[in-house]
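Below is one structure; the comments refer to it alone.
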Amino acid sequence: MTTQAKRKTGYVHVAIMFLLTFGTGFLPPVGQITDIGMRVLGVFLGLLYGWIFIDLLWTSIFGFVALGLTGYSTVLASFQGGFGDSNFVLCLIGSIFAGALTAMGVTDTIAYWILSKKIFIGKPWLLIGAICAAAILMGLAQGGFATVFLLWSIVSSICHINGYKKGDRIVSMMIAFVVYFALTAPNVVPFYPGPILYYGFMANTVNVALEVGPFFILGLLYLCLCAVFLVLASKYILRIDASHFTTTEEMCEKYKQHKATKYQKASLILLVVLFAVLLVPEVVTSLPGRDVFRSIGMAGFSTIYMVIFVIWKDDEGQSILNLEKAFSNIPWTTMMLLAVTYPLAAAMESEDIGITATVNQVLVPLMENLDVTVLVILAMLILGTITQFMHNIVMGAIFLPIIAPQVMAMGGSVQVLFMMLYLSLMCAYVTPAGSMMAGLVFGHKEMVRKDAFLFGACFLIVNFLVLLCLMPLGNLLFTS
C-alpha cells in the first residue's frame, strides 16, 4: 500500500471513529439507556474502534474530551477520574519503580544470571516456562505492576541480547504472558483484594462465606494448567519460533563474566525484602504492626526503595539511582489508555446511564429455566465473552448478585459459580476495553496489536477449557 493510500485509509478510520463517538447519541435510546447513556455508549464504541484501527495514545486522550462532552461529566472531571484513580497511581509508581531497577542495572543483572544457567542451553521453551513460573510466583507475592514491569525489562534484555525485535511474535507472546500470569496469580489468593471485592458483590444475596481452602487449591491448579496449556498451544498450534530465545555454551560463559556491583547486589537483596514485606502481612494476620505495613503497601515501599538509592552515593559521589532516568521510562501510551478506562467504566456503570440495566434486561431471561450445570457454564461463557468489551468490575457487580441466588435455589454450588465467573471475568484481555490489565498488553510499545488480540483470545479459550475441567473437582471440594 502506498503512502498516499495509507493516509487516505487513516482519514477514513478517523472519520468512522468520530461518527461512532458523536453520532451514536443521535440514535433513539435502546432499552433503558438514557439520552446521555447513548452518548456515553458512543464514546465507548468510538474509543474501541480507535484503539483497534488507529492509535492508542491520542485516541485515549481524545476519549477524556469526548466523555466530557456527553453531559455525564466535564472534561476536567474525566481527567481527574482517570489520573486520580488508585489503580492508575499504583501502575504509574510500578512503572517508575521498574525504570529505577533498569537504570541501576538490576534487570540486566537478573537477565544475565538467567542466561548464564546451562540448563536453558538449547531449551528455549524451558526458559519461557521459567519466566512464566517467575511471573506466577512474584504475582502470588503481590508483586503486581512492579512484577510486570520488572519481568518486561528482563524479557526485553533477553530479546535484545538474542537479536529479537518488535514484530517478532515471540516478543509479543512474552509481553502478554508476563501480564497474564503476574496479574492473574493474585486472583487465586482468597485474602487478596480481588476475590474479596468480587465475592462481596454476591455475598449479601446468598449469605454464604467464601471457602478459602478449596478456592486456593483450585486457583493454584488453574494457574498451573493455564500456563502449561498456553505454552503448549503457542509451541504446537501457533508454532511460535522461539529457536533463538535461548543460550549457548559460549553465551553462558560470557554472561558468567558479568559481575554485579555491590550496589546491584544490595538492590537485589532489598528487592527480595520488598516482596517479602508485601506478602508476609497478608499471610500472618497476627503480625505486630500489620496494619502499618499494609497501609504503606506497594506504593510506599517502592518509593522508600528508590529513595534509599537516591540518597546512597557511589565512590564518585553520584547517586546510585538517577531518578530522572527512571521517570523517562514511563510508558505513557499504556498510562493514557489505562487512565481513560476508569471514568469511562464509571459512566457505563452509573444507574443514570442505563447501559448496565439494559444488558441485565436482555441477558437474565436467557438464563432462566436451565439446568443448574448448564446455567453455570453458559453464564461463564457469556459473561466471559461480554467482559472483553465491558469492564470486568462492571460485569461482576451486575451479574454475580443476580445469578448466585438463582443457582443456590436450583441446588447448585455458589462457590463453583463464583470460581468460574470470577476467573473468567478476570481473563479480560481480548480487547483494550476489557480491563486495565488488557491496557497494559495493548499499550506496550513492542506489542504488535494483532498479536495482542491473538494471545488474548488464546488465553480466554484456555481459561474456559481449564475451568470446565476443574468444575467437577470444585463440586467435590466445595461444600456450598
Original post:
Would you find a donor on one side and an acceptor on the other, under 3.5 Å apart, between the side chain of Asp168 and the backbone of Val171?
Top reply: no
Subject >> OG on Ser424 to CD1 on Ile386, rounded to 0.5 Å >> reply: 12.5 Å
Original post:
Once the angle between the rings of Phe442 and Phe453 is folded into 0 to 90°, is it parallel (under 30°), tilted (30 to 60°) or perpendicular (over 60°)?
Top reply: perpendicular
Subject >> Any donor-acceptor pair under 3.5 Å from Gln415 side chain to Ala209 backbone >> reply: yes
Subject >> Between CG on residue Leu454 and CZ on residue Arg449, distance to nearest 0.5 Å >> reply: 15.0 Å
Subject >> Interatomic distance, Met410 atom CE to Thr373 atom OG1 [nearest 0.5 angstrom] >> reply: 8.5 Å
Subject >> Side-chain donor/acceptor of Thr59 to backbone N/O of Asp55, under 3.5 Å >> reply: yes
Original post:
Which is it for Met471 and Val376 under the side chain to side chain contact (heavy atoms under 4.5 Å, CB included) test, yes or no, and what are the steps along the way?
Top reply: CA-CA 10 Å; Met471 188 176 182; Val376 172; 3.9 Å; yes
**OP:** For Trp58 and Met336, run side chain to side chain contact (heavy atoms under 4.5 Å, CB included): C-alpha distance rounded to whole Å, both residues' side-chain angles, the deciding distance at 0.1 Å, then the answer.
**Re:** CA-CA 9 Å; Trp58 81 258; Met336 286 295 182; over 6 Å; no
Original post:
What's the spacing between Leu67 CG and Thr21 OG1 if we round to 0.5 Å?
Top reply: 11.0 Å
**OP:** Check whether the ring centres of Phe216 and Tyr222 lie less than 6.0 Å apart, and answer yes or no.
**Re:** no
Subject >> Phe97/Phe149 aromatic ring centres below 6.0 Å >> reply: no
**OP:** Report the relative orientation of the aromatic rings in Phe64 and Phe79; use parallel for angles under 30°, tilted for 30 to 60°, perpendicular for over 60°.
**Re:** parallel
Original post:
With a 6.0 Å cut-off on ring centres, are Phe62 and Phe18 close enough?
Top reply: yes
**OP:** Could you grab the distance from atom CE of Met17 to atom OH of Tyr49, nearest 0.5 Å is fine?
**Re:** 10.0 Å
Original post:
Any idea how Phe215 and Phe418 line up, ring-wise: parallel (<30°), tilted (30 to 60°), or perpendicular (>60°)?
Top reply: tilted
**OP:** Take the angle between the ring planes of Phe53 and His13 and call it parallel below 30°, perpendicular above 60°, tilted in between.
**Re:** parallel
**OP:** Could you tell me whether a side-chain N or O of Tyr236 sits under 3.5 Å from a main-chain N or O of Val231, the two making a donor and an acceptor?
**Re:** no
**OP:** Kindly say whether Val340 contributes a backbone atom to a donor-acceptor pair with the side chain of Ser60 at under 3.5 angstrom?
**Re:** no
Subject >> Rounded distance [0.5 Å steps], CD1 in Ile33 versus OG1 in Thr24 >> reply: 10.5 Å
Subject >> Backbone of Gly456 reached by a side-chain donor or acceptor of Gln388 within 3.5 Å >> reply: no
**OP:** Say whether, by atom type as modelled, one donor and one acceptor occur between the side chain of Lys166 and the main chain of Lys445 under 3.5 angstrom.
**Re:** yes
Original post:
Is the ring centre of Phe459 less than 6.0 Å from the ring centre of Phe455?
Top reply: no
Subject >> Test side chain to side chain contact (heavy atoms under 4.5 Å, CB included) applied to Asp352 and Tyr72, step by step >> reply: CA-CA 9 Å; Asp352 297 331; Tyr72 170 76; over 6 Å; no
